[in-house]
Amino acid sequence: MECQSLEEVRQHIDQIDDEIIKKIAERKFYVSQASKFKKNEQGVKAPGRVEQVIQKVRTKAETYGAPPDLVESLYRDMISKFIQMEMEEFKQQQQQQ
Ligand SMILES: C=C(O[C@@H]1C=C(C(=O)O)C=C[C@H]1O)C(=O)O
């Protein structure tokens, strides 16, 4: 949609940010369940799966017209933070056993 003012542009951006953040929270909800199914720290990091996700999101970025390098960089950062979070949860579970 063609905007008529900077205010309108920013309203759209704010709305999109709201949607993105809700989806990040939803993604985090599922990532935080993954540690229950992991056997060791290498499993928590799952570098093979990370590369699979990166490949998939680069392809989706191309399909939807988003810059693939930007999407890859955002995902690498997000996943690395999620791994830290998952690792904490994994270590807590290990202590409880
Ligand atoms: C959620 C998982 O754990 C980690 C987090 C990932 C992610 O955020 O997509 C991917 C791989 C793992 O590093 C998983 O193994 O699927």
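Along the sequence shown, residues are numbered consecutively beginning with 1. Each ligand, and each atom within it, is numbered from 1 in the order the structure gives.
What sits closest to atom 6 (C) of ligand 1 on the protein, heavy atoms only, is I79 CG2, 4.0 Å. Annotation: atom 3 (O) of ligand 1 to nearest protein heavy atom, E86 OE1, 2.7 Å. With hydrogens left out, the protein atom closest to atom 8 (O) of ligand 1 is R27 NH1, 2.8 Å, a heavy atom. Looking only at protein heavy atoms, the nearest one to atom 13 (O) of ligand 1 is K45 O, 2.6 Å.
Side-chain contact of E88 with Q92: a donor-acceptor pair under 3.5 Å is absent, judged by distance alone.
Taken from CD in E86 to CD in Q33, the straight-line distance is 11.0 Å, to the nearest 0.5 Å. Note that CE of M85 is 14.5 Å distant from CZ of F90, once rounded to the nearest 0.5 Å.
Side-chain contact between R27 and F82 is present, with heavy atoms from C-beta onward closer than 4.5 Å. Between E89 and K36, every side-chain heavy-atom pair lies at or beyond the 4.5 Å cut-off. In this structure, the side chains of V44 and N40 stay at 4.5 Å or more apart for every pair of heavy atoms.
Residue V44 approaches ligand 1 through these ligand atoms, each under 4.0 Å from one of its heavy atoms: 3 (O), 4 (C), 12 (C), 13 (O). Ligand 1 places these atoms under 4.0 Å from at least one heavy atom of R49: 10 (C), 11 (C), 16 (O). With ligand atoms numbered from 1 in the order given, ligand 1 contributes 11 (C), 13 (O) to contacts under 4.0 Å with heavy atoms of V50. Residue V31 approaches ligand 1 through these ligand atoms, each under 4.0 Å from one of its heavy atoms: 8 (O). For ligand 1 and I83, the ligand atoms under 4.0 Å from any heavy atom of the residue are 13 (O).
Here atom 15 (O) of ligand 1 lies nearest to K38 when heavy atoms of K38, M87, E51 are compared.
For M78, the closest heavy-atom approach to ligand 1 does not fall below 4.0 Å.
Between the side chain of S32 and the backbone N or O of K28, at least one donor-acceptor pair lies under 3.5 Å. Of the possible donor and acceptor atoms, none in the side chain of Q15 sits under 3.5 Å from a partner among the backbone N and O of Q11.
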